[in-house]
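Reminder, nothing fancy here: chain letters follow the sequence lines and each chain counts from 1.
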There are 2 protein chains.
Amino acid sequence: MAQNSIGHGPFSPEFHAASELVGRKWTGAIIYAIFNGKTRFAEIAAVIPGLSDRLLDERLKELVRHGILEKRSSEGEAKPGYHLTRKGLALRGVLIALYAWAINWPETE
Amino acid sequence: MAQNSIGHGPFSPEFHAASELVGRKWTGAIIYAIFNGKTRFAEIAAVIPGLSDRLLDERLKELVRHGILEKRSSEGEAKPGYHLTRKGLALRGVLIALYAWAINWPETE
DNA sequence: TTTATTACTTACTTTTCGTAAGTCAATAGG
DNA sequence: CCTATTGACTTACGAAAAGTAAGTAATAAA
């Protein structure tokens with residue numbers, strides 16, 4: 001079953017598209033920041049050292065275009081921020097798995 | 001606990017490094033192919049349309065350097081191929097999670 | 001009303017990627 | 001044995017993406 005295995009099947013275009021999108025430079029860090037409650041442009045920029053305004057803007061637009069984020073103000077927010085859609089929230093498991101791997105298998109070089 | 005949550009903590013350099021490495025162009029597809037039993041250079045190239053020899057070589061060298069792959073011949077193999085290390089095998093859960101997400105949330109554009 | 005901050009946009013440099021051709025060793029066929 | 005083919009890279013170069021810096025318009029604060 002597709003949920004529990006990557007099988008021994010052919011090349012998966014869906015998997016490839018997902019890994020090219022989610023794996024793009026800074027994208028992981030941006031989604032991670034939003035998971036951690038940073039919704040405004042400046043808040044996200046503040047927690048990701050090295051990320052420029054230009055690329056943050058580019059990545060946010062991509063993620064909105066792909067239905068992972070949406071720009072809106074939720075209750076209590078004066079100004080609109082970036083929020084995860086249901087599709088975006090579903091990425092949580094992927095990020096948790098990658099985070100766990102990163103912590104357990106540090107860089108060796 | 002670090003295993004089950006990405007928490008609401010600060011920026012994680014480990015997570016960032018991991019997502020930049022694993023998320024690099026073609027890297028996901030290459031590891032996926034090796035999980036699916038393709039160990040030789042030409043076999044990997046054959047199952048990933050669009051991937052050139054030059055980048056396959058570059059990505060394989062990177063993954064070996066980071067301890068995710070190693071180049072050796074296992075029993076029964078005449079010639080050496082690329083095999084996942086324990087660190088590389090530990091990525092299985094990440095790929096399964098991403099694969100499941102990709103299948104459940106297809107591109108909308 | 002000046003100053004500061006937010007959320008971008010524009011311009012330009014550097015790095016990475018894509019495409020193609022070339023190299024060198026190991027079979028395979030004639 | 002000689003030539004052809006395949007496998008596994010390597011080199012060269014133009015194109016695309018990312019990095020850096022500066023600029024701008026719209027609030028918000030002093």
Please determine whether a side-chain nitrogen or oxygen atom of B:K61 lies at a distance below 4.0 Å from atom OP1 or OP2 of D:dT10.
yes
Can you find a side chain N or O atom of A:K25 that sits less than 4.0 Å from OP1 or OP2 on D:dG19?
yes
Between B:Y32 and A:F15, how do the two ring planes meet: parallel, tilted or perpendicular, split at 30° and 60°?
parallel
Rounded to whole Å, CG of A:D57 lies from P of D:dG23 at a distance of 19 Å
Counting only side-chain nitrogens and oxygens, does B:R54 get under 4.0 Å of the OP1 or OP2 atom of D:dA8?
no
From CD1 (B:I68) to CG (B:L89), nearest 0.5 Å:
11.0 Å
To the nearest 0.5 Å, how far apart are NE2 in A:H83 and NZ in A:K71?
11.0 Å
In whole Å, I'd like the distance from the CZ atom of A:F41 to the C1' atom of D:dT24.
14 Å
Among all residues two or more places apart in sequence or in another chain, which pass the side chain to side chain donor-acceptor pair (under 3.5 Å) test with B:D57?
B:K61
Without placing hydrogens or testing angles, list every side-chain donor-acceptor pair under 3.5 Å for residues 20-30 of chain B, not counting sequence neighbours.
| residue | atom | partner | partner atom | Å |
| --- | --- | --- | --- | --- |
| B:E20 | OE1 | A:W26 | N | 3.3 |
| B:R24 | NH1 | B:E62 | OE2 | 2.7 |
| B:T27 | OG1 | B:R24 | O | 3.2 |

Output for pair (A:Y99 OH, B:H16 NE2), nearest 0.5 Å, gives 14.0 Å
Of all nucleotides in DNA chain C that come within under 4.0 Å of a heavy atom of chain A, which is furthest toward the 5' end and which toward the 3' end?
C:dT6 to C:dA11
Results of side-chain contact (heavy atoms from CB on, under 4.5 Å) for A:A90 - residues two or more places apart only
B:W101, B:W105
Counting only N and O atoms by type, is there a donor-acceptor contact under 3.5 Å from the side chain of B:S73 to the main-chain atoms of B:K79?
no
Checking B:R54 now: which residues fulfil side chain to side chain donor-acceptor pair (under 3.5 Å) with it, not counting sequence neighbours?
B:E58
Starting at CZ of A:R40 and ending at C1' of D:dT27, how long is that distance when rounded to a whole Å?
11 Å
How many Å lie between CD on B:E58 and P on D:dT10, as a whole number?
11 Å
Angle between the end axes of the helix from C:dT1-D:dA30 to C:dG30-D:dC1, five pairs per end, to the nearest 10 degrees?
10°
Which residue, A:W26 or A:D53, contacts DNA chain D at a nucleotide closer to its 5' end, judged by nearest heavy atom?
A:W26
Rounded to whole angstrom units, what separation is found between the CG atom of B:L55 and the P atom of D:dA8?
17 Å
Between A:I48 (CD1) and D:dG19 (P), how many Å, whole number?
12 Å
